[in-house]
Amino acid sequence: MNLTELTIDSLRELIVQRKVSASEVVRAHFELIEKRDKEVRAYLQLCPELALEQAAKIDRQIAAGDPVGVLAGIPVAIKDVILTRGMRNTCASKILGNYVAPYNAPAVERLEAAGAVILGKTNCDEFAMGSSTENSGFFPTHNPHDLTRVPGGSSGGSAAAVAADMAVASLGSDTGGSIRQPAAFCGLAGMMGTYGRVSRYGLVAFASSLDHIGPFGRTVRDVARVLQVIAGRDPHDSTSADVPVEDYVAGLDQNVRGIKVGVPGEYFKGLSPETGDNVQKGIDLLAKLGCDIVPISLPHTDYAIACYYIICTAEASSNLARYDGVRYGFRSSEHTDLQEMYKQTRYGGFGAEVKRRIMLGTYVLSSGYYDAYYLKAQKVRTLITRDFLEAFDDVDIIVTPTSPIPAFKLGERMDDPWQMYLADIYTVTASLAGIPGISVPCGKTKAEPHLPVGMQLLARHFDEARLLRVADAFERAGGFELA
Amino acid sequence: MALEEKDVRYVAELAHLELTPDEVKKFLPQLDSILQHMQKLNELDTSQVEPMAQVTYPAAANPSLREDQPKKTFDQDEALANAPDPRAGFFRIPRVIEKEE
């Protein structure tokens, strides 16, 4: 029995039945990390002592017959933009290279309260800005399916860790596709709930009207388990929604007959033929399961990338103004006065993509350009959201490709920022509208090296239960291994 | 090209970013090209459309307001633990006001 390849429920069952100990499970994961992470490079930091301490606590509770949580003894990884008390939180940026988190994000707090064991913090694009994890200030992460390719981004480390069996599940953050796209590239399920479903307290802010925390897992059920634990109102985050959390896991294992699934024509132009083939097979499978497939139109889709990159850079330029070398993080010694200290600190601390986005955001908010760019984008955001709300009058679920292409080669898109931005073309729309989305595998490309392809399912605000039910039915019908 | 080097330097100044002359040269065509792609939004007539600053959804009541009650947060040591140059309970920065001689 391989302890690193099990699902959450089966692993927890073994631990609770005392067939294995949580400590053995954690050690098995660190042994695999020791071997595999030299090549994959998913982790920025590991915490074996803390992890073994938490595992020993779970083992003691079970030995004493005490009740344990739904994630008892489950090893998880946390993206390095989500604060985990006592550990460094770098956001993969040199400017926060020595920053130690003074508190736990509630998402982390809730995982630990449910018995999860944190193994370490994972690599990502600096401040979650990127689609390949190549913008990490430290090193790139490699895709476990083909080490010459990117794992996607920005949550590439969290995706690669789970795909390489170096964690059972993980947390990422999604602003414009940063969970769903790496899930697609690494052959995992990855989900972003409705805006406000999961508290962002303790998530280092990139673009506040778009940021989400969400889970990666190897099965839909695992994703449902983790989302169940981390979802819900939190008084520390005024944008967290005061809407009851449904029982996502209880809603699985049901049939999906009669569910109306919309297929927007706009998402099937300009994608790689193999991606299109796999997603079409996925749609055919949903039809076979009894879903009604309905062609729909989301007419403003073509404007989403421009709209998204105006809004997210504007918000980023404001959020990242706090990195000034005064209260925390790196401070450059190359200065004689305060202004120079700010400028030299930000010069030495930020990487190229972060500087590019700060400048774009500053430009679109600057006097004379605010109306033409930022206000215009906010209005287009209304139109994109309206497209979805009108579509959901007629359908329950929308299905699209997650990404126009499978995982690309390291270095392939680094020279042209706009090409990199286009990798997010099918994911930014749901982010702008604030609706929930999940990416699930729908087979692999025919040609070597047989790369995973992802299919995205979207639903109405707070309709996560139905979204997970359809994704789970798809998985149980063999959708992940479509050939 | 609509954007000029002086625009890049001006924006960098607004954003408190130091840029080398090489970086200005590298960023100029990249920013210019991205901004041109962004102008695609001008194809749309939005004169009758309300801007959207935040995701809104039908919820029972506005949950964002809580009672304003004092409570314990970080103490001084915790707040200063990550500071690059803490001194005597303060964040120390270069002198801002000149001394009178």
Side-chain angles (χ1 to χ4, degrees), chain A residues 98-100 102 194-196 209 233 235 238-239 241-243 300 302-303 305-307 309-310 317 321 324-331 335-339 341-344 346-347 350 355-356 358-360 362-363 366 373 375-383 385 417-418 433-434 461-462, chain B residues 3 7-8 10-20 23 26-27 30-31 33-66 73-74 78-86 91-96:
Chain A
N98 56 5
Y99 179 76
V100 177
T194 306
Y195 181 78
S209 81
R233 172 78 183 144
S238 65
T239 62
D242 197 6
V243 175
H300 295 96
D302 271 357
Y303 300 93
I305 284 285
C307 175
Y309 275 95
I310 291 171
S317 72
D324 55 8
V326 174
R327 288 149 301 158
Y328 38 70
F330 165 76
R331 177 188 290 188
H335 60 81
T336 49
D337 63 18
L338 187 64
Q339 290 295 320
M341 187 191 89
Y342 294 154
K343 286 168 74 174
Q344 291 296 341
R346 290 160 70 79
Y347 171 76
F350 289 139
K355 287 180 189 168
R356 202 151 39 226
I358 290 173
M359 284 199 287
L360 279 168
T362 305
Y363 183 84
S366 65
Y373 288 96
L375 190 63
K376 183 78 184 182
Q378 286 188 309
K379 290 178 173 181
V380 175
R381 186 174 185 180
T382 300
L383 295 175
T385 304
W418 190 258
H461 293 110
F462 298 105
Chain B
L3 209 64
D7 301 319
V8 176
Y10 172 67
V11 170
E13 187 67 30
L14 285 179
H16 281 150
L17 285 172
E18 180 74 29
L19 292 183
T20 63
E23 282 176 311
K26 190 185 86 180
F27 280 134
Q30 291 178 341
L31 297 178
S33 148
I34 294 167
L35 288 168
Q36 282 183 26
H37 283 295
M38 287 173 169
Q39 284 163 18
K40 182 176 173 62
L41 300 191
N42 293 332
E43 293 169 13
L44 295 170
D45 176 5
T46 52
S47 53
Q48 305 299 314
V49 182
E50 285 295 310
M52 177 175 162
Q54 183 68 286
V55 176
T56 50
Y57 37 78
N62 182 350
S64 63
L65 301 179
R66 57 167 171 76
T73 58
F74 296 126
E78 287 170 316
L80 287 166
N82 278 295
D85 189 12
F91 298 104
R92 210 158 74 117
I93 56 167
R95 185 185 301 278
V96 181

Within-4.5 Å side-chain heavy-atom neighbours: Leu31(B) and Arg356(A):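 In short, these two side chains touch, coming nearer than 4.5 Å.
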Can you tell me which portion of [X] sits under 4.5 Å from chain B's heavy atoms? Options are side chain, backbone, both or neither.
| X | result |
| --- | --- |
| Met341(A) | side chain |
| Phe350(A) | side chain |
| Ala377(A) | both |

Please state whether the side chain, the backbone, both or neither of [X] comes within less than 4.5 Å of a heavy atom of chain A.
| X | answer |
| --- | --- |
| Asp7(B) | neither |
| Val96(B) | side chain |
| Tyr10(B) | neither |
| Ala12(B) | both |

Geometric class of the Trp418(A)/His37(B) ring pair [parallel <30°, tilted 30-60°, perpendicular >60°]: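 Geometry flag for Trp418(A) against His37(B): parallel rings.
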Where Leu41(B) and Tyr303(A) come nearest, the two heavy atoms and their spacing: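 Heavy atoms of Leu41(B) and Tyr303(A) come nearest at CD2-O, 3.6 Å.
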Heavy-atom pair with the smallest gap, counting every atom of Tyr347(A) and Glu23(B):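 The pair with the smallest heavy-atom distance is CE1-OE1, 3.2 Å.
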Check against side-chain contact (heavy atoms from CB on, under 4.5 Å), Val55(B) and Arg381(A): CA-CA 10 Å; Val55(B) 176; Arg381(A) 186 174 185 180; 3.5 Å; yes
Short side-chain to backbone donor-acceptor contact, Asp337(A) and Pro94(B), under 3.5 Å: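 No: the side chain of Asp337(A) does not pair with the backbone of Pro94(B).
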For chain A, which candidate among [options] shows the most heavy-atom pairs at distances under 4.5 Å?
| options | answer |
| --- | --- |
| Ile93(B), Asp85(B), Leu80(B) | Ile93(B) |
| Pro86(B), Ala83(B), Pro84(B) | Pro84(B) |
| Glu50(B), Lys26(B), Glu78(B) | Glu50(B) |

Rounded at 0.5 Å granularity, tell me how far [atom1] in [X] sits from [atom2] in [Y].
| X | Y | atom1 | atom2 | result |
| --- | --- | --- | --- | --- |
| Lys379(A) | Met52(B) | NZ | CE | 15.0 Å |
| Leu383(A) | Leu44(B) | CG | CG | 6.5 Å |
| Tyr363(A) | Leu35(B) | OH | CG | 5.5 Å |
| Glu43(B) | Asp302(A) | CD | CG | 8.5 Å |
| Gln39(B) | Lys376(A) | CD | NZ | 11.5 Å |
| Leu338(A) | Arg95(B) | CG | CZ | 12.5 Å |

Leu375(A), Thr382(A), Val380(A) screened by side-chain contact (heavy atoms from CB on, under 4.5 Å) with Pro51(B), the one that passes: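 Among the candidates, only Leu375(A) passes.
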Contact winner vs chain B - Gly325(A), Gly434(A), Pro417(A), heavy-atom pairs under 4.5 Å: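 Looking at each of Gly325(A), Gly434(A), Pro417(A) in turn, Pro417(A) comes out on top.
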When Ile358(A), Ile305(A), Ile310(A), Asn98(A) are compared by non-hydrogen pairs under 4.5 Å with chain B, the top option: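 Highest number of heavy-atom pairs under 4.5 Å: Ile310(A).
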Derivation and outcome, side-chain contact (heavy atoms from CB on, under 4.5 Å), residues His16(B) and Asp324(A): CA-CA 9 Å; His16(B) 281 150; Asp324(A) 55 8; over 6 Å; no
